[in-house]
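What follows is a single structure, written as structure tokens, with notes after it.
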Amino acid sequence: MKIIAADVIVTSPSRNFVTLKLTTDEGLTGLGDATLNGRELAVASYLKDHLAQLLIGRDPHRIEDTWQFLYRSSYWRRGPVTMAAIAAVDMALWDIKGKAAGLPVYQLLGGASRLGLRTYGHASGRDLPELFDSVRENLEEGHTSVRIQTSIPGLKAIYGIASQEQATGERYDYEPAGRGAFPAEEDWDTRAYLNHLPGVFEAVRNEFGPDLPLLHDGHHRMTPIQAAKLGKSLEPYDLFWLEDCTPAENQESLRLVRQHTTTPLAIGEVFNTVWDFQTLIREQLIDYVRAASTHFGGISPLKKVMDYAAQYQIKSGFHGPTDISPVGFAAQCHVGLAIHNYGIQEYMAHSEATNTVFQQSIRFEGGYLRLSDAPGLGVELDEEAAAAHPYQQAYLPYNRLADGTVHDW
Ligand code: EZ4
Ligand code: CO
């Protein structure tokens, strides 16, 4: 079998997605997700202008060889653009291999280790009543764990609050990127945040009891000592995890956080490679791997990092916002179903428009994501429907402190 075409499809059904479609001489096709929120066209160009021609004539069964060829032959390795492009190729090849075998990808990864994937949903609110309503909605939808994000008194717009106004640009879906030619500016004050958050978790615990697993995303905004303080102050509320407590570029700084708190830590949604996790896993500085198949070079490296993590009882908690396309989401769900050290899957339903362009076979039933027996990844792309939604420029916001300093967003 040979690859005879590599097409890149950019579409914006509610939000932008970049998809690679590989076609073989035997008529099989494979899909891969290359969506990089706010920088989509850079990956589309990387694929169209640099990778596509290298794939023509290759044997699609040679997944590992193709991955190593693309990674090592680029000379300048890693980075989100390169790794999203390689991820799309890797996923598309697994999709083809599954279709050729007549098996879903999880079967090729070792078979199912569980019946379905437990999830967590996103609850948010500008105040406690709105937050409580949002938690209840999540429970009604079937989520058995809930992420808690709230407004901070004195701050206008902060990450993760679905009901807040966007500074500029139209909000689409339940996600932070806004359409328009410039990123929206949000405001931030770590001291106000650290003072406010423990009271919110106390109120949520009082309302919903001790059993509901609760999560929180710090979204890279704290210094190590601030993160240590937050982890400690949230201990009475027994979090399932505290996510991205620091930017984590300095991995050794997590030692300090770890020494001070037993709040479980999840990191890695912006990581690109297994090597980004090396210190965090080897020194057992995290409890959950937050990588997304799409930004991490695909299914192959995600399986490798989870096998490495398994040696230290570290589990998966793959990044699952709506900027991971249905193809990327399916890819990591196949990994999640197959590995032994599965933890939890972040899950936000895609919009109706997205689901018209990408027909998904994964179902969310009885609190679990259930994979079908469809061969490959189990996602179909309707190219006509995709063409009806042209790319729209969009940016993630950025932060400034009260004195005007740019801060981590
Ligand atoms: O801000 O995916 O845990 N989830 C997150 C996300 C990210 C977006 C960025 O595109 O942090 O909401
Ligand atoms: Co996050």
Side-chain angles (χ1 to χ4, degrees), residues 3 6-10 16-22 30-60 62-94 183 220 244 247-253 267-282 289-306 308 318-319 323-325 327-328 331-332 391 393-396 398 406 408-409:
I3 297 168
D7 297 302
V8 180
I9 296 111
V10 179
N16 294 316
F17 294 111
V18 178
T19 309
L20 176 71
K21 179 186 166 193
L22 298 181
L31 297 176
D33 178 24
T35 307
L36 184 61
N37 204 359
R39 298 291 186 273
E40 296 89 353
L41 299 185
V43 193
S45 165
Y46 194 108
L47 284 167
K48 270 192 285 205
D49 300 328
H50 301 289
L51 285 201
Q53 70 208 57
L54 309 182
L55 300 172
I56 306 304
R58 290 186 73 86
D59 174 358
R62 298 183 65 183
I63 300 176
E64 183 66 18
D65 180 72
T66 302
W67 195 98
Q68 298 295 345
F69 163 65
L70 295 178
Y71 183 76
R72 291 168 200 280
S73 69
S74 63
Y75 189 61
W76 281 278
R77 300 176 185 184
R78 309 163 71 167
V81 175
T82 299
M83 298 313 291
I86 295 177
V89 176
D90 183 84
M91 287 178 207
L93 295 179
W94 280 105
H220 323 271
D244 286 332
E249 282 150 333
N250 175 9
Q251 301 203 358
E252 289 158 21
S253 73
I267 288 186
E269 69 185 40
V270 300
F271 289 1
N272 314 133
T273 71
V274 177
W275 294 279
D276 296 334
F277 280 103
Q278 200 172 38
T279 305
L280 295 181
I281 291 178
R282 192 185 57 233
V289 166
R290 280 289 282 156
S293 177
T294 305
H295 303 127
F296 200 69
I299 289 170
S300 304
L302 199 61
K303 176 74 165 61
K304 289 176 192 178
V305 80
M306 289 319 302
Y308 176 39
F318 302 146
H319 190 210
D323 49 289
I324 302 297
S325 90
V327 177
Q332 63 195 26
Y391 167 78
Q393 192 165 44
Y395 283 101
L396 287 167
Y398 75 110
V406 171
D408 302 297
W409 182 79

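Starting from 1, each residue takes its place in the sequence as its number. Source: prediction; values computed, not measured.
Remark: Glu64 engages Lys304 in a salt bridge (Lys or Arg N to Asp or Glu O under 4.0 Å) (not counting sequence neighbours). In this structure, Phe318 has no ring pair (Phe, Tyr, Trp, His ring centres under 6.0 Å) partners at least two apart in sequence or on a different chain. Partners of Trp409 according to the ring pair (Phe, Tyr, Trp, His ring centres under 6.0 Å) rule, which considers only residues two or more places apart in sequence or in another chain, are Tyr159, His219. Not counting sequence neighbours, Ser253 has no partner by the side-chain hydrogen bond (donor to acceptor under 3.5 Å, both in side chains) test. Residues meeting the side-chain hydrogen bond (donor to acceptor under 3.5 Å, both in side chains) test with His295, sequence neighbours left out: none. Not a single ring pair (Phe, Tyr, Trp, His ring centres under 6.0 Å) links Tyr395 to another residue, sequence neighbours left out. Checked against salt bridge (Lys or Arg N to Asp or Glu O under 4.0 Å), Asp276 has the following partners two or more places apart in sequence or in another chain: Arg78. By the side-chain hydrogen bond (donor to acceptor under 3.5 Å, both in side chains) test, Tyr398 pairs with Glu185, Arg400, sequence neighbours left out. By the ring pair (Phe, Tyr, Trp, His ring centres under 6.0 Å) test, Tyr391 pairs with no residue at all, sequence neighbours left out. Partners of Arg62 under the salt bridge (Lys or Arg N to Asp or Glu O under 4.0 Å) rule, at least two apart in sequence or in another chain, are Asp65. Taking the side-chain hydrogen bond (donor to acceptor under 3.5 Å, both in side chains) definition, one finds that Thr294 meets it with Asp33, sequence neighbours left out.
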Decide side chain to side chain contact (heavy atoms under 4.5 Å, CB included) for Val8 and Val18; before the verdict, give the C-alpha distance in whole Å, the side-chain angles of both, and the deciding distance to 0.1 Å. CA-CA 7 Å; Val8 180; Val18 178; 3.9 Å; yes
Does Asn16 form a side chain to side chain contact (heavy atoms under 4.5 Å, CB included) with Thr35? I'd like the steps, not just the answer. CA-CA 7 Å; Asn16 294 316; Thr35 307; 5.5 Å; no
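A pairwise comparison of heavy atoms in Gly298 and Ala87 identifies N-CB, 3.3 Å as the closest pair. Shortest non-hydrogen contact noted between Val327 and Leu31 is CG1-O, 3.6 Å. Nearest heavy-atom pair across Phe271 and Phe296 is O-CD1, 3.6 Å. Closest heavy-atom contact between Ser293 and Met91: OG-CE, 3.3 Å.
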Donor-acceptor pairs under 3.5 Å, side chain of residues 44-52 to any protein atom, not counting sequence neighbours: which ones?
unit_1 : atom_1 : unit_2 : atom_2 : d
Ser45  : OG     : Asp49  : OD2    : 2.7
Tyr46  : OH     : Thr82  : OG1    : 3.4

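Expressed to the nearest 0.5 Å, how far CG of Leu55 lies from OG1 of Thr66 amounts to 7.0 Å.
Side-chain contact between Ile281 and Val289 is present, with at least one heavy-atom pair separated by less than 4.5 Å.
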